[in-house]
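Before any comments, here is the structure.
The first residue of the sequence shown is numbered 1, and numbering continues consecutively from there.
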Amino acid sequence: GDFNPLESEIIRVNGEEIRRRGGTIPTNGNVFFSIYQAMVGGGENPYFKDYPQDFFDLVIIDECHRGGAGNDSNWRAVLDHFSGAAHLGLTATPKRTDNIDTYNYFGEPKYTYSLRDGIEDGFLTPFKVKKINTTLDKYVHGSGDVVLEGELEKEEYEKGDMNRVIVIPEREEALVRIMLREIDQKQKTIVFCMNEAHAAMIRDYINKHKKSDDANYCVRVTASEGAIGDQWLRVFRDNEKTIPTILTTSQK
C-alpha cells in the first residue's frame with residue numbers, strides 16, 4: 001500500500017500467476033515483491049534461477065530473522081543466487097540468542113530504531129504485560145478424559161504444548177472470557193494465535209461471549225482468508241470505523 005504511487009512500476013512475483021503464464025517470470029518493473037516460497041516454485045527449475053544473478057541491485061528481506069540467512073535454510077539458495085546485490089535485512093525482533101544465523105549473515109546492525117524511540121516519537125503504543133494463569137496450564141490425561149480427535153503423544157502436557165500438540169477447547173474458551181473481562185471491548189484489539197485453526201476457534205469464542213450484537217465484531221485475518229481477510233484488515237485500520245473491533249490472526 002505504501003508503494004502505490006509507483007503502481008505502474010511494481011511487480012508481484014506470484015507462483016500462481018507465473019504458472020498461468022506458462023512459467024514465464026515477470027521482468028518489466030523496478031520494484032518487485034515476493035516471498036521465498038514463490039521464488040523457489042517451479043519444481044526442479046525454481047523461478048528465481050530464471051532471473052540473471054545481477055538482475056537486482058538491492059534485495060530487502062523483511063522479517064529477516066525468519067528467512068534464508070541460515071546455512072541450512074530452505075530459502076538460502078535465493079539469497080545466494082542474488083549475491084551480487086546489496087542485501088538489507090529488516091527485523092523488529094533482533095534477539096541475538098534466537099537469531100544467530102541472522103547476525104552471522106547480515107553482520108552488525110547498520111541502523112537501530114528502539115522500542116523506546118518509537119513510543120516517544122508517537123509511532124508505537126506503550127504497553128503493559130499482564131500474565132494470566134489457569135488451572136489447565138498443565139494437563140495430565142485421566143482415565144475419564146475423552147480424546148475427540150487424533151492420538152495422545154504422551155500422558156502429561158505443559159503450557160508450551162497448548163495449541164501446538166494438544167488443543168483443549170474449554171481452556172481456550174475460559175481464556176477468552178478472562179480476556180473480554182479485562183479489556184475495554186469497544187477498543188480495537190488484535191489477538192495473536194498459535195495457528196490458523198486456533199485463530200478461528202478464538203474468533204468464534206469471542207463472538208460467542210462478546211457484549212456487542214454485531215456479527216462481525218471479531219473476524220479472522222489469516223493467509224487462507226485471502227481477499228476477504230485483506231478487506232477486513234483495511235476496514236480495521238480505518239480509525240473512523242469501529243467494526244470489526246477485534247481481529248484474530250496468526251503468522252500474517
Side-chain angles (χ1 to χ4, degrees), residues 35-37 62-67 70 73-75 91-95 97-99 101-102 115 125 127-185 187-212 215-233 236-237 244-252:
I35 58 175
Y36 285 120
Q37 290 90 330
D62 196 15
E63 304 289 0
C64 67
H65 60 279
R66 284 188 179 181
S73 166
N74 293 332
W75 323 123
T91 177
T93 54
K95 295 182 180 178
T97 54
D98 297 339
N99 301 306
D101 289 335
T102 306
L115 177 65
T125 302
F127 65 92
K128 294 180 181 178
V129 175
K130 185 177 181 68
K131 294 185 178 182
I132 303 294
N133 296 314
T134 79
T135 56
L136 260 182
D137 289 340
K138 176 183 285 190
Y139 169 70
V140 179
H141 182 66
S143 58
D145 295 343
V146 178
V147 178
L148 299 179
E149 185 179 342
E151 297 181 0
L152 290 174
E153 299 178 0
K154 52 188 179 180
E155 292 298 314
E156 183 173 316
Y157 294 85
E158 303 290 338
K159 192 172 184 178
D161 295 321
M162 302 298 175
N163 301 300
R164 293 181 186 272
V165 295
I166 187 172
V167 178
I168 305 176
E170 292 84 353
R171 176 181 184 272
E172 303 310 302
E173 184 171 11
L175 285 170
V176 164
R177 297 180 74 166
I178 292 170
M179 183 192 77
L180 290 175
R181 262 200 328 261
E182 295 288 334
I183 67 172
D184 180 348
Q185 293 192 29
Q187 297 292 323
K188 292 187 179 183
T189 302
I190 298 179
V191 183
F192 293 99
C193 302
M194 191 63 67
N195 50 47
E196 293 201 48
H198 187 221
M201 176 191 294
I202 298 302
R203 173 202 60 198
D204 293 344
Y205 283 140
I206 289 174
N207 282 326
K208 176 181 177 181
H209 296 290
K210 67 187 188 311
K211 294 177 181 177
S212 169
N216 295 317
Y217 172 79
C218 179
V219 298
R220 183 178 75 158
V221 174
T222 58
S224 62
E225 294 288 353
I228 295 175
D230 290 339
Q231 175 60 25
W232 281 129
L233 184 57
F236 181 78
R237 291 174 62 182
T245 308
I246 298 182
L247 301 186
T248 65
T249 188
S250 178
Q251 298 182 355
K252 182 173 173 64

Task: Contact summary for Cys193 and His198, nearest pair of heavy atoms - done: CB-ND1, 3.3 Å
Task: Under 3.5 Å: donor-acceptor pair, side chain of Asn207, backbone of Asp204 - done: no
Task: Residue pair Leu247, Val219: steps toward the side-chain contact (heavy atoms from CB on, under 4.5 Å) verdict - done: CA-CA 5 Å; Leu247 301 186; Val219 298; 3.4 Å; yes
Open item on the list: Determine whether a donor-acceptor pair (N or O, by modelled atom type, separation under 3.5 Å) exists between the side chain of Thr189 and the backbone of Gln187.
Closed with: yes
Task: Nearest-0.5 Å distance, CE of residue Met194 to CD of residue Gln251 - done: 9.5 Å
- [ ] To the nearest 0.5 Å, tell me how far Leu175 CG sits from Tyr205 OH.
- [x] 11.0 Å
Open item on the list: Could you check whether atom NZ of Lys159 has more than 12 heavy atoms from other residues, nucleotides or ligands sitting under 6.0 Å from it?
Closed with: yes
TODO: Measure the OG1-CZ distance between Thr248 and Phe192 for me, rounded to the nearest 0.5 Å.
DONE: 11.0 Å
Open item on the list: Strictly distance-based, threshold 3.5 Å: is any side-chain N or O of Thr249 a donor or acceptor partner for the main-chain N or O of Val221?
Closed with: yes
- [ ] Can you see which heavy atom on Tyr217 is nearest to which on Ser212, and at what distance?
- [x] CD1-CB, 3.5 Å
- [ ] Can you see which heavy atom on Asp145 is nearest to which on Val140, and at what distance?
- [x] OD2-O, 4.0 Å
- [ ] Flag the pair Val167 / Met201 as yes when at least one side-chain heavy-atom distance between them is below 4.5 Å, and no otherwise.
- [x] yes
- [ ] Kindly compute the distance separating CD1 (Ile183) from CD1 (Ile178), expressed to the nearest 0.5 Å.
- [x] 12.5 Å
Open item on the list: Using side-chain contact (heavy atoms from CB on, under 4.5 Å), reason through Ile228 and Gln231 one step at a time and then give a plain yes or no.
Closed with: CA-CA 5 Å; Ile228 295 175; Gln231 175 60 25; 5.7 Å; no
Open item on the list: Within the supplied structure, the quantity of interest is the number of heavy atoms (other residues, nucleotides, ligands) at a distance under 6.0 Å from Lys154 NZ; does it exceed 12?
Closed with: yes
Open item on the list: Rounded at 0.5 Å granularity, tell me how far CH2 in Trp232 sits from OG1 in Thr222.
Closed with: 14.0 Å
Task: Candidate pair Met179 and Val191, rule side-chain contact (heavy atoms from CB on, under 4.5 Å), full reasoning - done: CA-CA 10 Å; Met179 183 192 77; Val191 183; 3.9 Å; yes
Open item on the list: Between Gln185 (side chain only) and Leu180 (backbone N and O only), is there a donor and an acceptor less than 3.5 Å apart?
Closed with: yes
- [ ] Using the side-chain contact (heavy atoms from CB on, under 4.5 Å) rule, take Val147 and His141 through it: C-alpha gap first, then chi angles, then the decisive distance, then the call.
- [x] CA-CA 9 Å; Val147 178; His141 182 66; 4.2 Å; yes
- [ ] Please confirm whether the backbone N or O of Leu136 pairs with a side-chain atom of Arg171, one donor and one acceptor, at under 3.5 Å?
- [x] yes
Task: Main-chain N/O of Glu196 paired to Arg220 side chain as donor or acceptor, under 3.5 Å - done: yes
TODO: Any chance you could measure Ile206, atom CD1, to Glu172, atom CD, to the nearest 0.5 Å?
DONE: 11.0 Å
- [ ] Could you tell me which non-hydrogen atom of Ser250 sits nearest to which non-hydrogen atom of Asn195, and how far apart they are?
- [x] OG-CA, 3.1 Å
